[in-house]
There are 2 protein chains.
Amino acid sequence: MSTTDASKRTPLDRDAIVRAGIELADAEGVGVLTMRRVADHLGFKAMALYNHISSKEDLLKAMLDAIATEIDEPPPECEPMQAIRQHAIATRDAFLRHPWAAGLWGVTMPGESRTAHIEYLLSVLARSDLDAETAHDGFHAINNHVLGYSMQEQALTVLFAGRGIESLVNEFQETAPVDRFPHTNAHLQEHLDGNTSTSFELVLDLILEGLARVSKDRTSHTA
Amino acid sequence: MSTTDASKRTPLDRDAIVRAGIELADAEGVGVLTMRRVADHLGFKAMALYNHISSKEDLLKAMLDAIATEIDEPPPECEPMQAIRQHAIATRDAFLRHPWAAGLWGVTMPGESRTAHIEYLLSVLARSDLDAETAHDGFHAINNHVLGYSMQEQALTVLFAGRGIESLVNEFQETAPVDRFPHTNAHLQEHLDGNTSTSFELVLDLILEGLARVSKDRTSHTA
DNA sequence: TGTCAGAAACGTACGTTGTACGTTGTTCGT
DNA sequence: ACGAACAACGTACAACGTACGTTTCTGACA
């Protein structure tokens, strides 16, 4: 209680709050992330957070931004298509580490680091062989693949972070009986069997090759 | 007030609630969708809803399911790749009509109609020329494109449904100054100029052609 | 036509959320 | 040593989802 109290906690700054938010969201899901819980986790009361962040929305934005900083950029000498590939894979890895992030990525305003993440992909596309129009479309095609794949991939993990996977599967099969939805159930089974691990990169390459081909078509037709 | 009251309202059933929810979400965004507001909109009190739906989550699920029923399936005689194309376009059109839906699609458990929507795409893929593995990957590639594209497309529309577009753009350009993020700002400008209207179908075709090519490669290598 | 059971609507109320506001404590430049 | 600036706290409030008990309506059968 005195000023010489040995267990004096560190004085709480923005980064610590953001880190705690990410930790909690990783562990329990972002759906149950609460200001009071974040504060508890740090040993403070809820309102203490507001000296360092302006709102919960601000916190979530900062959390997503922090995740963007985890995504390494390939070295500058890396050739464009390879760089895009690695960058996409690194982005997906980040979403694997933070399963709640993908679902928020698309519906939240980007902060500075996320903007840098966007800028990187666009800059590599700009120095690639793709024409400007294909580069624009390619940006979305790649982003959509990475984000969409990550979301679907962990939908089951995230939907209800609490209970086990089989409870989720059972609930789904209740509304989707095998006899009426055979393909859907077969597809789900393929996922549960887990022999789809290379499909992310496969479709990614499919898109990259397709972009190169489209650009070649477009520029040759124009010429 | 008496039993002969002329303005006697209709007695409130599940469908009416779901419709009201969709109407409100379309008009004001799903972020401010409230049980009390849905009830008000129908001329009832909040708790009356619970005679017909079991929870807010149930309502949202039903709303998304209702949107799935708006998506027409191409006629059975339609050849597979054409059917997939039309179906994807119809799905995106539905997301255009209901800007809030795409963001929830990926993080919500599908109901019966959404399951039918999934089943349709899988069934068409199954009767296409694609091998089973490519069909599996193609399902995700197509879904991710449609969903991801729709989300990004209306991110600005949805993020804050209240204020005008230029207020949003200004806020963004505050965290992303043109000199530090030239490509990002140029990309944004391309969107604001609106000459990207055909890119959805272009990338869609790119994916479909890519899938056909991958499948041909795979089956020829195996043979 | 009278009655009565079940469904539908209502009112009230509780726990939880984000956060505004006023107060207290702590730190640091002078 | 002292006062300003800032950090943490406690209290409090409005809005949310929804549990529960009560009232009102309706329609099947006597």
Side-chain angles (χ1 to χ4, degrees), chain A residues 1-22 24-25 28-64 100 104 107-109 159-162, chain B residues 1-22 24-25 28-64 100 104 107-109 159-162:
Chain A
M1 305 296 185
S2 73
T3 54
T4 61
D5 187 346
S7 75
K8 203 168 175 186
R9 60 214 171 154
T10 64
L12 186 60
D13 63 343
R14 192 169 218 272
D15 276 2
I17 296 174
V18 173
R19 266 197 308 273
I22 291 175
L24 277 184
E28 315 176 9
V30 74
V32 295
L33 189 72
T34 274
M35 289 302 172
R36 293 175 225 262
R37 250 225 270 286
V38 174
D40 274 3
H41 190 68
L42 291 162
F44 293 83
K45 297 305 175 64
M47 288 314 291
L49 305 181
Y50 286 86
N51 290 314
H52 307 274
I53 62 169
S54 64
S55 68
K56 187 183 187 182
E57 193 188 333
D58 183 34
L59 172 58
L60 288 172
K61 191 168 152 181
M63 286 165 60
L64 291 172
W100 50 272
L104 255 46
V107 293
T108 313
M109 192 101 134
L159 269 186
F160 284 90
Chain B
M1 304 297 188
S2 74
T3 53
T4 62
D5 188 347
S7 75
K8 201 168 177 188
R9 61 216 169 151
T10 64
L12 187 60
D13 63 342
R14 192 170 219 272
D15 277 2
I17 296 173
V18 173
R19 266 197 308 274
I22 291 175
L24 277 183
E28 316 178 8
V30 76
V32 296
L33 190 72
T34 271
M35 289 301 167
R36 294 176 224 259
R37 249 225 272 284
V38 174
D40 274 4
H41 190 69
L42 290 162
F44 293 84
K45 296 305 175 65
M47 290 314 291
L49 305 181
Y50 286 86
N51 290 314
H52 307 274
I53 62 170
S54 65
S55 67
K56 186 182 186 181
E57 194 188 333
D58 183 35
L59 171 58
L60 288 171
K61 192 168 150 179
M63 286 165 59
L64 291 172
W100 49 273
L104 254 47
V107 295
T108 313
M109 193 100 133
L159 269 186
F160 285 88

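Proteins come first, then strands; the chains are lettered A, B, ... in the order of their sequence lines, and each starts at number 1.
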Within this structure, what is the [atom1]-to-[atom2] distance between [X] and [N], rounded to whole angstrom?
X: A:Leu59; N: C:dT19; atom1: CG; atom2: C1'; answer: 14 Å
X: A:Leu12; N: D:dC9; atom1: CG; atom2: P; answer: 8 Å
X: A:Glu57; N: C:dT17; atom1: CD; atom2: P; answer: 19 Å
X: B:Asp58; N: D:dG17; atom1: CG; atom2: C1'; answer: 14 Å
X: A:Leu42; N: D:dC9; atom1: CG; atom2: P; answer: 11 Å
X: A:Ile17; N: D:dA7; atom1: CD1; atom2: P; answer: 10 Å
X: B:Met35; N: C:dC10; atom1: CE; atom2: P; answer: 16 Å
X: A:Lys45; N: D:dG10; atom1: NZ; atom2: P; answer: 4 Å

Point to revise | N/O donor-acceptor pair, side chain B:Asn51 with base C:dA9, under 3.5 angstrom | key: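 Yes.
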Please determine, for the side chain of [X], which listed nucleotide ([options]) has the closest atom?
X: A:Ala48; options: C:dC10, C:dG18, D:dC9; answer: D:dC9
X: A:Arg36; options: D:dG17, D:dA8, C:dG18; answer: C:dG18
X: A:Met47; options: C:dC21, C:dG18, C:dT12; answer: C:dC21
X: A:Phe44; options: D:dC9, C:dG18, C:dC10; answer: D:dC9

Review point. Can you check whether A:Lys56 has a side-chain N or O nearer than 4.0 Å to OP1 or OP2 of C:dT19?
Key: no
Exercise for review: Could you tell me whether the phosphate oxygens of D:dC6, OP1 or OP2, come under 4.0 Å of any side-chain nitrogen or oxygen in A:His52?
Suggested key: no
Point to revise | Backbone N/O of A:Ala46 and side chain of A:Arg36: donor-acceptor pair under 3.5 Å | key: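 No: the side chain of A:Arg36 does not pair with the backbone of A:Ala46.
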Practice item. Would you mind telling me which of B:Leu64, B:Leu60, B:Leu59 makes a side chain to side chain contact (heavy atoms under 4.5 Å, CB included) with B:Val18? Key: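 That would be B:Leu59; it is the only one of B:Leu64, B:Leu60, B:Leu59 passing the side chain to side chain contact (heavy atoms under 4.5 Å, CB included) with B:Val18.
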Check your understanding: Which value, rounded to the nearest 0.5 Å, describes the distance between B:Thr34 atom OG1 and B:Asp40 atom CG?
Key -> 10.0 Å
Check your understanding: About how many Å separate CG of A:Leu33 and CD1 of A:Ile22, when rounded to the nearest 0.5 Å?
Key ->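 The distance works out to 10.5 Å.
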Review point. Which heavy-atom pair separates A:His52 from A:Arg14 by the least distance, and what is that distance?
Key: O-NE, 3.3 Å
Exercise for review: Could you check whether A:Leu33 gets within reach of a base, just the sugar-phosphate, or nothing at all, counting any heavy atom under 4.0 Å?
Suggested key: sugar-phosphate
Study note, to complete from the structure: On DNA chain C, more 5' by nearest nucleotide between B:Asp13 and A:Ser54 is B:Asp13
